[in-house]
Each structure stands twice: as structure tokens, then as C-alpha cells.
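Data block below; observations after.
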Amino acid sequence: MQNTAETGPDAPIDVTPLLDDPYAAYAALREAGPVHRITGADGSPAWLVTRYDDVRSALADPRLSLDKRHAGPGGYRGFALPPALDANLLNMDPPDHTRVRRLVVKAFTPGRVETLRAPVRRVADELLDAMAERGRADLIADYAGPLPITVICDLLGIPQRDRRDFLAWSDALITPDPSRPEAMKHAIGAMLEFYTGLIAAKRAEPGDDLLSDLIAVRDDEPGDDGGDRLTEDELTSLAFLILFAGYENTVHLIGNAVLGLLDRPELLRQLQHNPAELPTTVEEFLRFDSPGPLAIRRFPRQDLEIGGVRIPAGDSVLLSIASANRDPARFPAPDVLDRGRDLSGHLAMGHGIHYCLGAPLARMEAVTAIGALLARFPGLRLDVPRGELRHRRSLRSRGLISLPVAW
């Protein structure tokens, strides 16, 4: 793999190693240079930034826009969503980003999230009860997946009868089957139809849930100061984003962390005896094996330089969180799991104004879920040879397809 500063933009690197052995591949890229030309998941060219200082700086650089309208012609094609699902924080710059984030941030403050800890533990215990008699389970399908979907659906007030469909739709979007493009199109249409109906129902009969609160923000008359409002598309898109992002990242965080513990039996036993150390351990797992290897793509508003490489306006820029968090210039011995290291600067949840809104909830869910699992099954072990485990082949997400365990 070569630096595009040397090979030119017409010679993008082969991304296969990033799918097969990502951390070794990123180490080679960091050594070769700070910025590289690749072909993105949508088939269009992109610039991949790999070193910590450059990634951290770019995450907070206002010259890099998340708004797809700044993409150059013939470049980024991306993930096609209807406007009613696409008007979300992942596609917004200030001032719209500032306005929408301010309206929803109160739902994810540490204090509000703490009130959800007991309900999350209750859901975890119910899932573990269902697993207990079998003596074995697929921890992704039976635990790490159902837990966050249940929590987010409770938060949004989504009826129990619709949750199985939501899980299927989310999976179709997260891991699309190239041989069945109609499945993703169906999932998008089904989600839009459902959200439209659910919002109408909650307008008629509001509940004690986040979606009803967001509808009130959308519908209430602005105050004398011309208070902030949501558009109808922003309301629907927010509900979609909260479910989609809250589900995928938490599933992978729990799965990756549990696998990391199964690979380190001594650490697993330490945490069983001292669960108070779980928050710090989860934080190190976020750095060590982040569920989101890449930040949301960005587009330069003007020609600029990153790491000494000139990037034209409108090109796609991908910031590698996974590579930055393993950069030895910032984290000594980065390939070693070390709970005692300084973790204050890791980028797993982002940096700057786009720092992950749901970070407190994801952390709490992971700590609670892993703590409940270790307490219930002290003899937890892998139920297949380690070499049989497979990660999803994706540049965008880092997660296991399945995690068979026994106890």
C-alpha cells in the first residue's frame, strides 16, 4: 500500500487488507504516509486519513462539511435515502446542525441516561434468563443485538409488536446483500412508512417517550424569541438516526468487548471480582477495537491540505478512527489492551461539534450489559474455535457476525 502523494490520484490503494486484517493494514498505511487515495464503499474515490493528529484536527475543521451538497460532481454517491430520513445530524453543518442538536441533546445527558440504567439492566436480565437453561448462545443474536434495539424502541415509544420488523430492517441497511438490492430498498420504504404512521399516532395520543417529546418540539408554537423548531423531515430523520445509530454501534461495542475479554481470561476474571473497573475497561475497548472505524465522510468546502497532501474541494474525505486510535505517536504500545493508559484523547466517539450524541447511552448500555453477563455466567467461554469467528466485511463498521459462547 502506497501513499497517494507518491503514486497520484489515479492509483488508489487496494482496500482488501483493511477488510481482512484492518489494524495491520492501518499500521502499514500510517508508516507509508498520512493520507491515501482509496475507492470507497460506494465505488467512488476518497481520501483516507490515518494519523492521530491529522484525524483529530480534521474532525473539528469547519472547512470539512458533512453536507452532501458540497460533494463534487462525479464523486460521492453514497447511501440513497429519501429526504424524510436523510435530514439528520450526520448530513448537517451549522447553523442547522447546532439548532437540531440543541433540541435533542437533553435526551442524552448523563443524568437522563442514568435514569435508564435500571431499565437496561432489567432488559439484560430478561435476555440472560432466556439464554440460561440452554447453556450456550450466539451472543450477538441472543443478547448484544436485542438489548439495544429494546432500549432504543422503549426510548422512542415503539410498540413491542413492531420491534422484530425493526431489527430486520436495520440489519438489511447495516449489512446489505449485494445480490438482493431490493431488500435494502424495501427496508428504507418500510421504515419511512412506519415512522410516518407512528408520528401521526403519537400526535393524536402522546406518550411518555422521546418521540412524543420531539413531536411537541416540532408542533409547539415558537416563543417570543422565535425559538427553535424541527421541520417534519428533521423530526422523522431524527427518529431514524436515533434507532439506527443507537442499535448498530452498541451491538458491535458489546460484541467486540466480550470477545476481547474471552481472549483475555485473566482480565475477565478480574472484572467478575471487581465490576467497578468495567467503565475504564469499556473505554479502552472503545479505543482498541472501535465499532465505528471511520467517521462520517466529509467534503472540503475549499482546496486544503491534510498531512501535507493537497485535497481538492468537493472530494470525499474519510477519517480513520480505527487507525488514529492505534497510532503509537499518541498511544504507546497501541496494540496492547491497557486499562491504565491515558484514554482522554481517544476518538471512538468523535471530536468537535459532531461528537457522538448518544455516547453516554452507549457507554452505559455496554457497561451494564457486560456486567450482567459476567455476573450471570462466571464460566463464560467461546463455543467455537477462535479462528472460526468472522467480522462483517465493512469499512464503515467493525463487528462480529456471530459470537457463539457457552458456560
Side-chain angles (χ1 to χ4, degrees), residues 22 79 90 108 113 116-117 119-121 123-128 130-131 137-156 158 162-177 184 187 191 240-263 278 281-283 285-294 296 321-322 348-350 356-374 380 382 389-405:
F79 196 45
L90 301 186
F108 296 99
V113 166
L116 299 174
R117 188 178 298 274
V120 170
R121 180 58 190 253
V123 172
D125 286 338
E126 290 171 355
L127 293 169
L128 294 171
M131 293 161 48
D138 175 359
L139 207 66
I140 303 300
D142 297 328
Y143 190 61
L147 188 143
I149 204 79
T150 301
V151 171
I152 295 295
C153 285
D154 282 347
L155 189 66
L156 289 173
I158 294 173
D162 297 309
R163 297 182 184 188
R164 185 180 296 274
D165 288 336
F166 260 84
L167 192 57
W169 297 334
S170 297
D171 283 341
L173 295 179
I174 292 168
T175 54
D177 183 348
M184 185 167 66
M191 275 194 169
F240 170 73
L241 176 62
I242 290 168
L243 176 76
F244 191 67
Y247 166 62
E248 180 184 22
N249 290 332
T250 307
V251 172
H252 296 336
L253 173 56
I254 294 170
N256 294 350
V258 172
L259 176 59
L261 293 176
L262 293 172
D263 284 340
L278 261 171
T281 307
V282 166
E283 208 64 27
F285 274 121
L286 277 167
R287 179 204 68 83
F288 183 78
D289 201 13
S290 173
L294 296 175
I296 297 300
I321 302 298
M349 296 296 186
C356 177
L357 190 65
L361 180 59
R363 286 183 168 106
M364 183 273 286
E365 285 185 82
V367 169
T368 304
I370 297 169
L373 176 70
L374 299 186
L380 191 70
L382 272 178
L389 296 178
R390 295 290 180 268
H391 286 83
R392 297 181 185 275
R393 289 183 63 80
S394 171
L395 292 177
R396 188 180 60 82
S397 63
R398 169 78 173 167
L400 290 158
I401 295 172
S402 64
L403 182 56
V405 295

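Any value given below was found using the heavy atoms of this structure, including those in side chains, with hydrogens, waters and symmetry copies removed.
- Residues Val113 and Arg363 have side chains not in contact (no heavy-atom distance under 4.5 Å, counting atoms from C-beta outward).
- Note on Glu248 versus Arg392: no salt bridge recorded, every NZ/NE/NH1/NH2 to OD/OE distance being 4.0 Å or above.
- Between Val251 and the options Pro146, Pro148, Ser397, a side-chain contact (heavy atoms from CB on, under 4.5 Å) holds for only Pro148.
- Between the side chain of Tyr143 and the backbone N or O of Ala369 there is at least one donor-acceptor pair closer than 3.5 Å.
- Between Glu365 and Thr368 there is no side-chain heavy-atom pair separated by less than 4.5 Å.
- Here the rule is side-chain contact (heavy atoms from CB on, under 4.5 Å) with Cys153, and of Leu155, Ile149, Val151 only Ile149 fits it.
- Shortest non-hydrogen contact noted between Leu253 and Ala362 is CD2-O, 4.0 Å.
- Put simply, the side chain of Asn256 gets close to the backbone of Asp289: a donor and an acceptor are under 3.5 Å apart.
- Taking each heavy atom of Asp154 and Arg163 in turn, the nearest pair found is OD1-NH2, 2.7 Å.
- Residues Leu261 and Phe285 have side chains in contact (heavy-atom distance under 4.5 Å, counting atoms from C-beta outward).
- In this structure the side chain of Leu382 reaches within 4.5 angstrom of the side chain of Leu389, judged on heavy atoms.
- The distance from atom CG of Leu90 to atom CZ of Phe240, rounded to the nearest 0.5 Å, is 9.5 Å.
- In terms of heavy atoms, Leu380 sits closest to Leu262 at O-CD2, 3.8 Å.
- Counting heavy atoms from C-beta outward, Ile140 and Ile401 have side chains that stay 4.5 Å or more apart.
- Residues Arg398 and His391 form a side-chain contact, since some pair of their non-hydrogen atoms from C-beta on lies under 4.5 Å apart.
- Using a distance-only test at 3.5 Å, with no hydrogens or angles considered, no donor-acceptor pair links the side chain of Ser402 to the main chain of Pro404.
- Closest non-hydrogen pair, Ala144 versus Gly255, comes out as CB-N, 4.5 Å.
- With a 4.5 Å cut-off on side-chain heavy atoms, Phe108 and Leu361 count as touching.
- Contact of the Leu286 side chain with the Pro291 side chain is registered, since non-hydrogen atoms from C-beta on lie closer than 4.5 Å.
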